[in-house]
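Heads up, the thing below is written out as C-alpha cells.
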Amino acid sequence: MPNTDWKKYPVLFNLYIAQAVPMSFFTTVVPVIMRQENYSLEAIGMLQLVKLPWVLKFLWAPIVDNNTSSLGHFKRWIYVSEFFYAGIILAIGFFSLQVNFSLIVVLMLLAVIASATQDIATDAFAIHILKKKERGYGNSMQSAGGFAGHLIGSGVLLVVYYYLGWFFLLFFLAVFVLLALIPLAFYRKACDKPVVHGVRVNLADITGFFRVPGMYKWIIILFFYYSGLMGIMAMLKPYLVDLNYNAKDIGLMAGIFGTGIALVASIFAGFIVKKIGYAKSLRYFLGLSLLAGIYFYVMSISGEPTTVAVYAGIFLLWLAYGASMVAVYTAAMDMVRPGREGTDFTLQIVITHLSGLVLGVMSGKFADSFGYDGLFLTQALLSIVAFGLLMLLKPDLLRKHVENEVSENVEPKAKC
C-alpha cells in the first residue's frame, strides 16, 4: 500500500478485535460453561440480554459525536470505554456463576454498553482517519478483527477456562482488551485533526438521517442485503445436527473453519473494494450470496451430502458473508453526514442487526413448515430480490445528497 499511512490498519484491527472477543465469549462460551454447571435453558437464554446495547447504541451515539472536536477526543472515548470495559470484565471474575448469576448478567450488560460505546467512537475515528480510497482496506480490518475476535472468544478462551478456571479466564480477557490499545497509543498521526462541523446532534436529529433525499433507498438495501444469507446462517448448526454431526465436528466446521474463511475473505475483499469501488463490489458479493443459497438448496435435495460437500457449502456461505460485510461497511462510511459520523454509521449497522434478527427468527419458523429444502430455495430467491433492489435503487448515486465538507488532506497541527 504505497503512499499511505499503513499504521492505521493494525490500530483498527486491534480495536475491533478487542470489542469482538468479550462479546463472543459472553454469548458463546459462557452458555457452554453454564450448561456444564446444570443451569436451565431459561437462565442461559437470559444471556441474550447482553446483546441489547448493540441494538440500542444509536441512542447514545449523539453524545459521542457532540463531545468530540478532534481525533484525539475520539481516542479518549476509546480509552475510557476500554478501561471501563476491562475493569468490569475483571470484576466479573471475582463472582461465581452459581452464586451471583444475576449480578454477573448485570455486569456483562454494563461491559457490553462500554464496548458498544467504544464501537461508536472507533467507527467515527475510522471514518476520519481513512481517506475514501483507503476505506476498503480499513473495513477489511474491521471485519477481519471481528471474525478473529469470534475465533478467539468462542474457541481459545474455552481452552483457557478448561485449564485455568473462571477467574484466570476473566483476568486473561481483561488484559487482552487492554493490550489491544497499545497500537492506538502509538498512533499519533493527525490526532489534532479538527472534526467539528458546526452541528450538534440530538435524538431528534437522528431522524434527519432518514430524511436525506433518497436515503430510503439505501435503508431498504441495508435491510435486505444479507437476507439471502441470514436464514442459512441461523439454521446451519441445526442443519448439521440433523446430518448427524456431533458438537465437536460442528464447532470445527461452522465455528473455526467457517469463521476462518470469513476472516480471509474480508481481507481480500478490502483489495477488491479498493480496486472496483463499493458499488460494483455490492453486486458481485451479492452474487456469492446467491451462489451459496443455490448450492445449499441443491445439496439439500440431492440426498445425504458428503462431508466434503458440506464443507464446500460452508466455504461459500462464509466467503459471501465476510466479503459482503466489507462492501456494506465501506458504503455505510460514505453515507454519513459531516459531524454525525458516529451516529449515522451506527444507525446503518443497527439496521443490518435488526434485519438479521428478524430474518433469523423467521427462518426457524419457515424451516419448520417447509423443511430445509424450502428454506434454502427461499434464501436463493431473496438474494435475487436483493440484487434487483440493488440494481433498481442504485445506492452509489445517493452520495451526492450527503454533503461532505471535510477535506481528506487536513494535516495535523500538533501531537496529542
Side-chain angles (χ1 to χ4, degrees), residues 1-21 24 71 119 121-152 180 183-184 187 189-190 218 221-222 225-226 229 233 257-289 291-292 315-336 341 344-346 348-349 352 390 395-396 399 404 408-409:
M1 289 170 285
N3 302 322
T4 190
D5 176 24
W6 65 269
K7 293 181 181 179
K8 64 184 68 172
Y9 299 111
V11 169
L12 295 176
F13 179 81
N14 278 273
L15 291 177
Y16 285 115
I17 199 174
Q19 65 186 225
V21 172
S24 179
L71 294 182
D119 181 61
T122 300
D123 288 337
F125 182 73
I127 291 171
H128 283 290
I129 67 172
L130 293 170
K131 299 177 182 179
K132 281 191 178 182
K133 63 182 180 180
E134 299 171 336
R135 287 178 177 176
Y137 296 139
N139 282 291
S140 70
M141 291 299 99
Q142 175 176 2
S143 300
F147 290 126
H150 179 74
L151 272 174
I152 295 172
L184 179 65
Y187 183 75
K189 185 177 178 63
W218 178 234
I221 290 171
L222 277 177
Y225 190 80
Y226 296 113
L229 294 175
M233 296 187 73
F257 177 75
T259 307
I261 293 299
L263 192 161
V264 175
S266 64
I267 293 175
F268 282 98
F271 291 91
I272 296 174
V273 173
K274 165 67 168 60
K275 184 71 174 178
I276 65 176
Y278 68 76
K280 289 183 179 179
S281 298
L282 286 169
R283 296 195 291 270
Y284 293 160
F285 297 158
L286 195 52
L288 291 176
S289 299
L291 184 59
F315 174 86
L316 280 174
L317 179 66
W318 285 93
L319 176 69
Y321 185 58
S324 296
M325 186 175 291
V326 175
V328 169
Y329 284 4
T330 303
M333 280 190 174
D334 216 32
M335 302 297 177
V336 299
E341 290 83 4
D344 287 358
F345 189 85
T346 299
Q348 295 174 77
I349 303 309
T352 65
L390 194 61
D396 49 311
R399 188 63 187 91
N404 187 2
E408 294 182 335
N409 299 309

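As the structure is a computational prediction, the values presented were derived from the model and not from experiment.
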Next on the checklist: Evaluate Lys132 against Asp334 for side-chain contact (heavy atoms from CB on, under 4.5 Å), listing each step before the verdict.
Outcome noted: CA-CA 8 Å; Lys132 281 191 178 182; Asp334 216 32; 3.5 Å; yes
Item to check | side-chain contact (heavy atoms from CB on, under 4.5 Å) evaluation trace for Tyr9 with Leu130 | outcome: CA-CA 9 Å; Tyr9 299 111; Leu130 293 170; 4.0 Å; yes
Checklist entry - When rounded to the nearest 0.5 angstrom, what distance separates CD1 in Ile152 from OG1 in Thr259? => result 11.5 Å
Next on the checklist: Strictly distance-based, threshold 3.5 Å: is any side-chain N or O of Tyr225 a donor or acceptor partner for the main-chain N or O of Leu282?
Outcome noted: yes
Item to check | Nearest-0.5 Å distance, CG of residue Leu390 to CD1 of residue Ile221 | outcome: 5.0 Å
Checklist outcome for this item: Between Ala20 and Gly149, the two heavy atoms sitting closest are CB-CA, 3.9 Å
Checklist entry - So, Ser24 side chain and Val21 main chain: donor-acceptor pair closer than 3.5 Å or not? => result no
Item to check | Sidechain-backbone polar pair: Gln348 side chain, Asp344 backbone, donor-acceptor under 3.5 Å | outcome: yes
Checklist entry - Can you name the closest pair of heavy atoms from Ala323 and Phe285 and give their distance? => result O-CD1, 3.2 Å
Checklist entry - How far does NZ of Lys8 sit from CG of Leu184, to the nearest 0.5 angstrom? => result 13.5 Å
Checklist entry - Can you tell me how far the OG atom of Ser281 sits from the CG atom of Leu286, to the nearest 0.5 Å? => result 12.0 Å
Checklist entry - Considering all heavy atoms of both residues, which atom of Ala320 and which atom of Ser289 are nearest to each other, and what is their separation? => result CB-N, 3.7 Å
Next on the checklist: Which residues pass the side-chain hydrogen bond (donor to acceptor under 3.5 Å, both in side chains) test with Tyr321, not counting sequence neighbours?
Outcome noted: none
Next on the checklist: Counting C-beta onward and ignoring hydrogens, is there a side-chain heavy-atom pair between Tyr329 and Phe345 closer than 4.5 Å?
Outcome noted: yes
Item to check | Closest approach of Ala332 to Trp218 (non-hydrogen atoms, all atoms of both residues) | outcome: N-CZ2, 4.0 Å
Next on the checklist: In terms of relative ring orientation, are Phe257 and Phe315 parallel, tilted or perpendicular, with 30° and 60° separating the classes?
Outcome noted: tilted
Show me, pair by pair, the donor-acceptor contacts under 3.5 angstrom made by side chains of residues 262-275, not counting sequence neighbours?
residue, atom, partner, partner atom, Å
Ser266, OG, Ala144, N, 3.4
Ser266, OG, Ala262, O, 3.3
Ser266, OG, Leu263, O, 2.6

Next on the checklist: To the nearest 0.5 Å, what is the distance between CG on Asn139 and OG1 on Thr330?
Outcome noted: 3.5 Å
Item to check | salt bridge (Lys or Arg N to Asp or Glu O under 4.0 Å) partners of Asp123, counting only residues at least two apart | outcome: none
Item to check | Validation row: Arg135, Ile127 side chains within 4.5 angstrom (heavy atoms) | outcome: yes
Checklist outcome for this item: Between Tyr226 and Met325 the two heavy atoms that sit nearest each other are OH-CA, 3.3 Å
Checklist entry - Which distance, rounded to the nearest 0.5 Å, do you find between the CG of Leu317 and the CG of Leu291? => result 11.0 Å
Item to check | Ser140 side chain to Tyr137 backbone, donor-acceptor under 3.5 Å | outcome: yes
Checklist entry - Can you name the nearest heavy-atom pair linking Gly322 to Phe147, along with the distance? => result CA-CE1, 3.8 Å
